[in-house]
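Keep in mind that what you see is a predicted model, and the values were worked out from it rather than measured.
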Amino acid sequence: MAKLKTLQGAPKDFDLPVSLDNLDGSQSEIIFKCIGRTLRDWQPLYLQRLAGEVNAKIDAQDKLDQQAQAPEEGAKKSKKKEATSEAKRIAINEEEIRETLESSLNSPVEIIQEVARGWDLEDDFTSDNLKELINRYPGVQAKLFQQYHERILGNRVKN
C-alpha cells in the first residue's frame, strides 16, 4: 500500500477500464485516461450534466407534443374522426433525422471529454473518433460517466 504524503494539488489522473458489448455478444475493453478531480470539483459538473439530461428529455417531449398538435389543429376543419387519426401521426423527415442524430452525438462526446483526456486505442482521442466510438457502442458515455462518478465518490479499486 502506498503511503499518502500530501493533500496538496490536484488528484492524479487515472486509468478507468470500461467494458463494451460487441454485436456478437462478446465483450471488449477500452481504458480511458481520466482526469483526477476532487469531489468539490466534480459535483458541480455532475449536477450540470444530470440537469442537462433532464432538460433534453423535457425538450424532446415538448417537440413531440408540438408535432402531435400541429396536425390536430389543421384537421379540426375536417371530420372529427379524421382529426383524431391525424393527431396521432408524426411526420418523419429523413434529413431532419440525420441532422438530429449527428447533433445528438455531440453531447455524449462532451460527456466523455469532461472526464477523460485519452484512451488506450491506436486511434487518436479526437471528437470525430469519439463520435465513431459512440456510433459503434451506444451508451459508452453513460458507462464511463457512471464509473467515473463512482470512482470520484470513493468506490476505489482494491488491490
Side-chain angles (χ1 to χ4, degrees), residues 1-70 90-159:
M1 177 185 315
K3 182 178 178 185
L4 184 63
K5 295 180 181 180
T6 183
L7 296 175
Q8 303 305 311
K12 292 181 180 179
D13 290 356
F14 59 94
D15 291 344
L16 186 62
V18 175
S19 295
L20 306 172
D21 297 321
N22 297 312
L23 291 175
D24 64 3
S26 65
Q27 286 197 329
S28 296
E29 181 180 80
I30 182 171
I31 298 175
F32 287 94
K33 310 291 183 195
C34 291
I35 301 166
R37 288 194 174 97
T38 64
L39 180 61
R40 206 174 274 136
D41 295 335
W42 171 240
Q43 203 64 21
L45 290 171
Y46 177 73
L47 293 175
Q48 257 182 339
R49 180 55 60 192
L50 290 180
E53 288 178 13
V54 169
N55 290 336
K57 288 178 183 178
I58 290 169
D59 291 344
Q61 186 60 51
D62 287 348
K63 187 173 182 178
L64 285 174
D65 291 345
Q66 288 173 354
Q67 287 177 341
Q69 287 174 358
I90 296 175
I92 305 236
N93 178 321
E94 286 186 43
E95 186 61 32
E96 280 183 26
I97 291 172
R98 283 191 190 98
E99 288 174 11
T100 301
L101 178 60
E102 192 59 34
S103 68
S104 72
L105 292 175
N106 291 330
S107 180
V109 165
E110 291 170 6
I111 291 170
I112 292 173
Q113 290 174 330
E114 285 175 3
V115 300
R117 296 181 202 257
W119 54 22
D120 67 342
L121 298 180
E122 293 175 5
D123 302 305
D124 291 336
F125 188 75
T126 65
S127 294
D128 287 340
N129 285 337
L130 287 170
K131 285 180 183 180
E132 185 59 30
L133 175 71
I134 295 160
N135 186 42
R136 289 184 186 210
Y137 297 97
V140 64
Q141 76 283 354
K143 281 184 173 184
L144 172 62
F145 190 76
Q146 183 61 38
Q147 288 178 234
Y148 182 87
H149 180 67
E150 289 173 6
R151 186 72 66 90
I152 296 297
L153 291 181
N155 198 2
R156 313 281 195 228
V157 174
K158 308 289 189 258
N159 289 334

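Within the model, atoms CD of Glu132 and CG of Asp123 stand 9.0 Å from one another, a figure rounded to the nearest 0.5 Å. Asn135 contributes atom CG, which lies 12.5 Å from atom CG of Leu130 (distance to the nearest 0.5 angstrom). Summarising the geometry, atom CG belonging to Leu16 is positioned 11.0 Å from atom CD1 belonging to Ile30; distances are rounded to the nearest 0.5 Å. Distance CG/Leu39 to OH/Tyr46: 11.5 Å, rounded to 0.5 Å. A distance of 7.5 Å separates CZ of Arg37 from CD of Glu114, quoted to the nearest 0.5 Å.
With sequence neighbours left out, the ring-ring contact (aromatic ring centres under 6.0 Å, His included) criterion links Phe125 to Trp119. Listed by chain and residue number, Phe14, Trp42 satisfy the ring-ring contact (aromatic ring centres under 6.0 Å, His included) test with Tyr148 (two or more places apart in sequence, or in another chain).
Distance alone, capped at 3.5 Å, is enough to place a donor-acceptor pair between the Lys143 side chain and the Ser19 backbone. Looking at Asp15, its side chain never comes within 3.5 Å of a backbone N or O of Ile31 through a donor-acceptor pair.
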Gln141 vs Glu110, side-chain contact (heavy atoms from CB on, under 4.5 Å): CA-CA, chis, key distance, verdict: CA-CA 9 Å; Gln141 76 283 354; Glu110 291 170 6; over 6 Å; no
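With no hydrogens or angles considered, a side-chain donor-acceptor pair links Gln61 and Asp65 at under 3.5 Å. Judged purely by distance below 3.5 Å, without hydrogens or angles, the side chains of Thr126 and Asp128 never pair a donor atom with an acceptor atom. The closest side-chain donor-acceptor pair between Asp21 and Tyr137, if any, does not fall under 3.5 angstrom.
Using a 4.5 Å heavy-atom cutoff, the side chains of Cys34 and Leu144 are in contact.
Residues Ile35 and Asp13 approach most closely at CA-OD1, 3.5 Å, considering heavy atoms.
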